[in-house]
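One structure below.
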Amino acid sequence: MKYLKNIYILILVVFVIWMVFFDTNSLIIHSQYNSEIDDLEAEKEYYKKEIEKDQEAIDELSREEGIETFAREQYYMKKDNEDIYIIEYQDSLKTKEDE
C-alpha cells in the first residue's frame with residue numbers, strides 16, 4: 001500500500017501500461033510487425049530460389065541444344081527425317097470416370 005501512494009510509481013505503472021497496450025508503437029504492434037517481417041523474409045527466400053531456377057532455365061535455353069530439347073519435349077517438334085512416338089501409360093489416360 002505504501003507503493004500505491006507514491007506518485008512516481010503510479011506514473012511509472014500508468015506509463016508502462018500505456019506503452020505496452022495503447023500507444024501507436026506498443027509492444028503488441030511491434031510483435032505483429034516482427035512476425036510480418038519474418039513472413040516477408042521467408043517469401044523473399046522463396047522468390048530468390050525461384051529466380052535461381054528461372055535463371056538456370058534461361059541459361060539452358062540460351063544454348064542451341066537447350067532450345068532443341070525444349071522444342072522437342074514441349075511442342076513435339078521433330079526434324080524432317082525423324083518419327084516421334086508418344087508413349088502414354090495407362091494411369092495417365094483419361095477415362096470416363098475421371099470426367
Side-chain angles (χ1 to χ4, degrees):
M1 295 306 244
K2 180 179 173 184
Y3 295 115
L4 293 177
K5 292 182 181 178
N6 189 343
I7 187 79
Y8 296 111
I9 296 198
L10 284 174
I11 290 174
L12 181 66
V13 168
V14 169
F15 177 75
V16 168
I17 290 173
W18 179 264
M19 291 305 290
V20 170
F21 296 107
F22 301 113
D23 192 44
T24 57
N25 297 319
S26 70
L27 291 177
I28 296 170
I29 292 174
H30 275 289
S31 67
Q32 290 172 350
Y33 286 155
N34 286 336
S35 67
E36 187 175 339
I37 287 171
D38 292 339
D39 293 343
L40 291 173
E41 289 290 334
E43 190 174 340
K44 178 180 169 183
E45 289 300 318
Y46 168 76
Y47 284 122
K48 279 185 178 181
K49 289 177 185 175
E50 289 296 315
I51 288 171
E52 288 175 5
K53 285 198 289 187
D54 290 343
Q55 188 62 43
E56 290 174 5
I58 289 170
D59 292 341
E60 181 70 27
L61 290 174
S62 65
R63 298 180 302 134
E64 186 68 31
E65 303 89 36
I67 294 172
E68 183 177 339
T69 303
F70 182 78
R72 288 173 177 269
E73 290 176 358
Q74 297 298 319
Y75 297 108
Y76 305 116
M77 292 185 169
K78 64 181 185 79
K79 294 181 180 178
D80 291 334
N81 58 354
E82 290 180 331
D83 291 328
I84 294 180
Y85 298 99
I86 300 172
I87 300 172
E88 293 184 359
Y89 295 101
Q90 186 66 30
D91 58 349
S92 66
L93 297 175
K94 286 189 175 183
T95 61
K96 291 182 181 180
E97 297 168 356
D98 292 337
E99 296 174 356

**Prompt:** Hey, is E56 close enough to K53 for a salt bridge, meaning N to O under 4.0 Å?
**Reply:** no
**Asked** Excluding sequence neighbours, so at least two apart, what forms salt bridge (charged side-chain N to carboxylate O under 4.0 Å, His left out) with K44?
**Response**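 Here no residue qualifies.
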Would you give the length of the straight line joining atom [atom1] of [X] to atom [atom2] of [Y], rounded to the nearest 0.5 angstrom?
X: I11; Y: W18; atom1: CD1; atom2: CH2; answer: 15.0 Å
X: L12; Y: I17; atom1: CG; atom2: CD1; answer: 10.0 Å
X: E73; Y: E68; atom1: CD; atom2: CD; answer: 10.5 Å

**Complete:** Between E82 and K79, the two heavy atoms sitting closest are OE1-N, 3.1 Å
**Prompt:** Closest approach of L61 and I67, non-hydrogen atoms and distance?
**Reply:**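 The answer is O-CG1, 2.9 Å.
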**Item:** Verify same cluster id: L27, Y33 (apolar side-chain graph, 4.5 Å)
**Value:**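 Not linked; separate clusters.
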**Prompt:** Honestly curious: do I29 and F15 fall in one hydrophobic cluster under the side-chain, below-4.5 Å linking rule?
**Reply:**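 Result: no, two separate clusters.
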